[in-house]
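Below: one structure, written as structure tokens.
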Amino acid sequence: NRFTYALTDPVTDAILGIKYLIGRGTSLDNETSFELVKQIDETHLYKNKYALPMGYMVQPVLLHTWNTDQDNPFYRLNDFVKLATGTDENVFTKISRPHTASAGVIVHPEQNGCFDCEYRGDAQIAKVELTYTIPEGQQVYAFVESGQVEYISAERSDGTEILLPTDVGGIISVGYLEKNETLKITVEYKKKHAEDIEAYIYGLDKEAWETAYAKLNDETLQITEHTSTKIEGTIDVAEDGICIISVPYEKGWTLKVDGRKKDVQLLEDCMIAVPLSAGEHNIHLKFVPNGMVPGRKLTVCGLLIFAGMC
């Protein structure tokens, strides 16, 4: 959705099944995960090079071991990739501690990405700047969150400025940065305020991610039928595992595997997870909106009563 999507990281895009992006007057030339496939005037169509199909296999351990309560979102994504694929390499690596400058704010040393901040009572402007030096050429992502802020921005060495969300934290791509380029994070507070900052700046290990992506994309669901209320397909599985269906779950989905009805299991209360044994399987998902069946029964009863009164 062009109104709500913010350019994020390739792992999240893969999990969500993002295949294409359409932008007007926006260039993604600095994004290594997307390639331009068509342009008409100011409208660009980009293809995600790391999109995953609607269904893909992961290791069984992911279902009950993935820890999503960690404050650092890059820890969560690294854990997802390692648990899902059985690899032990992080796909995101932390950029070293920043140089800190401030106006009207006392900033205490960083503790695992967190900065304790205190407002100076007589200051008219309260602002914190965190400047990171990039150790090697890589795609860089930022997650910055605080409270009572006017704006949060990320500024590259070439002067390019990207506004980061202020209402809720989220991983945002700041593009490909060369070795020794800088990235300046600016947090400006509302008048007479200063709250703690969480700032996580990470680079993508492209080789580690491509290795993990190849494993995730190895055994996938081949769709044979797809409508707004039905998904059906086949998948050939080399060993026991979990097939993740990248469709957000809501009440009303029913599942059949090889013609037999199965209870719907969820990955983090969000996506449908289908345990499968080694071999070839047919997966059938059907969606009936909650309340539709009772509604139909009531309609039929109403019609029968009406007919009896005539």
Side-chain angles (χ1 to χ4, degrees), residues 1-2 4-23 26-37 44-59 62 66 68 70 72-95 132 134-144 154 156 160 162 164-165 169-179 181 183 200-221 244-248 267-268 270-271:
N1 187 309
R2 71 182 179 91
T4 59
Y5 178 84
L7 194 62
T8 185
D9 63 274
V11 178
T12 299
D13 284 338
I15 293 171
L16 296 177
I18 302 295
K19 292 182 172 63
Y20 293 96
L21 292 180
I22 298 175
T26 302
S27 172
L28 299 184
D29 293 342
N30 204 34
E31 298 296 325
T32 56
S33 297
F34 288 90
E35 56 185 359
L36 180 66
V37 293
H44 301 75
L45 175 64
Y46 291 92
K47 183 179 181 180
N48 181 9
K49 295 188 289 186
Y50 302 113
L52 285 171
M54 186 175 291
Y56 56 93
M57 294 298 296
V58 299
Q59 297 292 316
L62 175 71
W66 187 26
T68 58
Q70 303 172 83
N72 186 332
F74 295 99
Y75 285 175
R76 296 197 293 266
L77 291 176
N78 278 336
D79 280 354
F80 174 88
V81 171
K82 289 189 285 189
L83 291 170
T85 64
T87 59
D88 58 4
E89 287 190 83
N90 289 325
V91 296
F92 294 104
T93 56
K94 184 179 179 181
I95 307 297
Y132 297 81
I134 309 305
E136 59 183 46
Q138 59 193 304
Q139 195 78 23
V140 178
Y141 303 89
F143 176 101
V144 184
R156 298 159 51 102
T160 301
I162 300 168
L164 305 183
I171 296 175
I172 301 296
S173 172
V174 296
Y176 188 90
L177 276 71
E178 299 289 352
K179 182 178 180 179
E181 276 196 76
L183 181 70
Y200 306 108
I201 312 300
Y202 277 68
L204 177 72
D205 185 329
K206 187 178 179 182
E207 183 177 348
W209 167 234
E210 289 185 342
T211 298
Y213 171 76
K215 290 189 175 185
L216 291 171
N217 199 41
D218 184 41
E219 297 175 350
T220 60
L221 184 66
I244 301 297
I245 308 296
S246 58
V247 174
L267 175 66
E268 288 299 313
C270 179
M271 292 181 178

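Position 1 is the first residue of the sequence, and the numbers go up from there.
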Residues that Glu219 engages under side chain to side chain donor-acceptor pair (under 3.5 Å), provided they are two or more places apart
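Glu219 satisfies side chain to side chain donor-acceptor pair (under 3.5 Å) with no other residue.
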
Heavy atoms, side chains only, cut-off 4.5 Å: are [X] and [Y] in contact?
X: Met54; Y: Ile245; answer: yes
X: Arg156; Y: Asn30; answer: yes
X: Leu204; Y: Pro10; answer: yes
X: Leu267; Y: Leu62; answer: yes
X: Ile15; Y: Leu52; answer: no
X: Asp13; Y: Phe34; answer: yes
X: Leu183; Y: Ile95; answer: no

To the nearest 0.5 Å, atom OH of Tyr56 lies from atom CG of Asp218 at 14.5 Å

Between atom CZ of Phe143 and atom CD1 of Ile172, what is the distance when rounded to the nearest 0.5 Å?
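Output value for this atom pair is 10.0 Å.
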
Does anything in residues 205-216 form a salt bridge (charged side-chain N to carboxylate O under 4.0 Å, His left out)? List the pairs, not counting sequence neighbours.
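Qualifying pairs, neighbours excluded: none.
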
Ignoring hydrogens and angles, tell me if any N or O in the side chain of Asn48 forms a donor-acceptor pair with the backbone of Ile18 under 3.5 Å.
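Here the side-chain-to-backbone pair exists.
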
Output a table of donor-acceptor pairs, distance under 3.5 Å, between side-chain atoms of residues 74-88 and any protein atom two or more places apart or on a different chain; print 'none' if there are none.
unit_1: Arg76; atom_1: NH1; unit_2: Gln70; atom_2: O; d: 2.2
unit_1: Asn78; atom_1: OD1; unit_2: Val91; atom_2: N; d: 3.0
unit_1: Asn78; atom_1: OD1; unit_2: Phe92; atom_2: N; d: 3.0
unit_1: Asn78; atom_1: ND2; unit_2: Phe74; atom_2: O; d: 3.4
unit_1: Asn78; atom_1: ND2; unit_2: Phe92; atom_2: O; d: 3.2
unit_1: Asp79; atom_1: OD2; unit_2: Gln70; atom_2: NE2; d: 2.8
unit_1: Lys82; atom_1: NZ; unit_2: Asn90; atom_2: OD1; d: 2.9
unit_1: Thr85; atom_1: OG1; unit_2: Val81; atom_2: O; d: 2.6
unit_1: Thr85; atom_1: OG1; unit_2: Thr87; atom_2: N; d: 3.3
unit_1: Thr85; atom_1: OG1; unit_2: Thr87; atom_2: OG1; d: 2.8

Return the orientation label for the Trp209 and Tyr213 ring planes: parallel under 30°, perpendicular over 60°, tilted otherwise.
tilted

Let me see the working for Tyr202 and Asn72 under side chain to side chain donor-acceptor pair (under 3.5 Å), right down to the final yes or no.
CA-CA 11 Å; Tyr202 277 68; Asn72 186 332; 2.9 Å; yes

As a quick check of understanding, evaluate side-chain contact (heavy atoms from CB on, under 4.5 Å) for Leu28 and Leu36, giving each step before the final call.
CA-CA 8 Å; Leu28 299 184; Leu36 180 66; over 6 Å; no

Test side chain to side chain donor-acceptor pair (under 3.5 Å) applied to Ser173 and Glu31, step by step:
CA-CA 8 Å; Ser173 172; Glu31 298 296 325; 2.8 Å; yes

